[in-house]
2 protein chains.
Amino acid sequence: MGRGKIEIKRIENSTNRQVTFSKRRNGILKKAREISVLCDAEVGVVIFSSAGKLYDFCSPKTSLSKILEKYQTNSGKILWDEKHKSLSAEIDRIKKENDTMQIELRHLKGEDLNSLQPKELIMIEEALDNGLTNLNEKLVINLLNQLISMWLML
Amino acid sequence: MGRGKIEIKRIENSTNRQVTFSKRRNGILKKAREISVLCDAEVGVVIFSSAGKLYDFCSPKTSLSKILEKYQTNSGKILWDEKHKSLSAEIDRIKKENDTMQIELRHLKGEDLNSLQPKELIMIEEALDNGLTNLNEKLVINLLNQLISMWLML
DNA sequence: TTAGCTATCTATAAATC
DNA sequence: TGATTTATAGATAGCTA
């Protein structure tokens with residue numbers, strides 16, 4: 001439909017591809033709207049351009065969420081399994097990170113030290129010493145700054 | 001497009017509606033396929049007839065699941081059920097906990113102290129002192145135990 | 001680049017089988 | 001009903017500004 005027939009294969013010229021995308025995207029979204037009105041159908045359309053921009057349509061009086069729920073019931077395909085797994089995996093990962101930090105924190109507070117090797121204890125002591133050193137530096141600097149401020153205000 | 005122009009409103013004659021649905025459904029699915037090939041777009045289409053029958057399309061090399069995941073990331077809209085919401089909520093919660101601990105750890109190591117109030121610095125110092133005290137107690141006990149062991153082995 | 005403009009191609013409404 | 005056939009409305013490819 002247009003000045004010439006085109007073959008259905010990837011348009012190599014990127015400008016043309018973008019223009020065609022924009023036109024056809026509008027076409028599909030319009031058709032989707034029309035069929036949903038004309039035929040009382042529930043329609044959900046999600047389109048990503050190759051640049052990753054999102055366009056979507058969903059029939060009035062429903063929602064993508066509802067349509068997809070129906071899709072799952074109807075097709076038996078589970079859409080969320082993958083997502084589910086990845087979420088669970090992320091939770092596990094973060095929880096592990098959490099546990100590690102929890103333990104490190106407790107150690108730095110001098111708790112739960114019984115299971116540690118002497119070498120580990122030494123490392124913790126070094127960390128604490130280091131922390132104290134840094135902190136004291138900071139406190140000294142603060143104090144100096146305060147003194148200077150007071151001095152300047154005289 | 002056809003022998004006569006039609007108004008875009010629900011087709012009352014149920015036979016016509018069904019026929020039109022069938023034709024237009026094919027049209028949309030074809031267009032979806034075409035744009036995905038021509039323009040390298042990711043497309044997902046789900047259509048339910050008014051009778052509840054399901055038709056769908058998804059671009060090759062991806063899956064509805066992946067497209068919808070991307071949709072959510074991109075639009076910020078949440079499509080899935082309560083379980084996913086609760087998983088997402090848990091991730092948020094754990095991440096916050098994580099951040100808090102991260103900060104506390106850095107503080108105990110004497111890092112990122114600039115934004116802190118003197119009072120907070122003092123509290124950190126107390127925590128560090130406390131940790132050192134506990135740790136040293138532990139080290140002393142360990143040493144004693146070791147000595148006792150050696151003593152007993154004599 | 002983005003927005004119109006047609007000539008042409010496609011989709012499809014109505015008719016026919 | 002369902003498939004096939006037109007005549008026409010609608011979509012759009014290639015231009016142009």
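Convention: sequence-line order gives letters A, B, ...; per-chain numbering from 1.
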What residues from residues 5-33 of chain A pass a heavy-atom cutoff of under 4.0 Å to DNA chain C? K5(A), K31(A)

Tell me whether Q72(A) at atom CD has more than 12 heavy atoms from other residues, nucleotides or ligands lying less than 6.0 Å away. yes

Name all pairs fulfilling the salt bridge (charged side-chain N to carboxylate O under 4.0 Å, His left out) condition that reach into residues 101-112 of chain A, sequence neighbours left out, sorted by first residue then second. E104(A)-K109(B), R106(A)-E111(A), R106(A)-D112(A), K109(A)-E104(B)

Name all pairs fulfilling the ring pair (Phe, Tyr, Trp, His ring centres under 6.0 Å) condition that reach into residues 82-137 of chain B, sequence neighbours left out, sorted by first residue then second. W80(A)-H84(B), H84(A)-H84(B), W80(B)-H84(B)

For a quick check, tell me whether the side chain of R3(B) and the base of dT6(D) share a donor-acceptor pair closer than 3.5 Å. yes

Under 4.5 Å between side-chain heavy atoms, counting indirect links through other Ile/Leu/Val/Met/Phe/Trp/Tyr residues: same cluster for M101(B) and I94(B) or not? no

With the side chain counted from C-beta on, respond yes when R93(A) and E90(A) share a heavy-atom pair under 4.5 Å apart, and no when they do not. yes

Strictly by salt bridge (charged side-chain N to carboxylate O under 4.0 Å, His left out), give each pair with a member in residues 115-128 of chain A just once, sequence neighbours left out. none

Under 3.5 Å donor-acceptor pairs involving side-chain atoms of residues 50-62 of chain A, not counting sequence neighbours:
unit_1 : atom_1 : unit_2 : atom_2 : d
D56(A) : OD2    : Y71(B) : OH     : 3.1
S59(A) : OG     : V43(A) : N      : 2.5
S59(A) : OG     : V43(A) : O      : 3.0

Of residues 37-44 of chain B, the positions that come close to DNA chain C - non-hydrogen atoms, cut-off under 4.0 Å: none

Would you give the length of the straight line joining atom CD of E42(B) to atom CD1 of I67(B), rounded to the nearest 0.5 angstrom? 5.5 Å

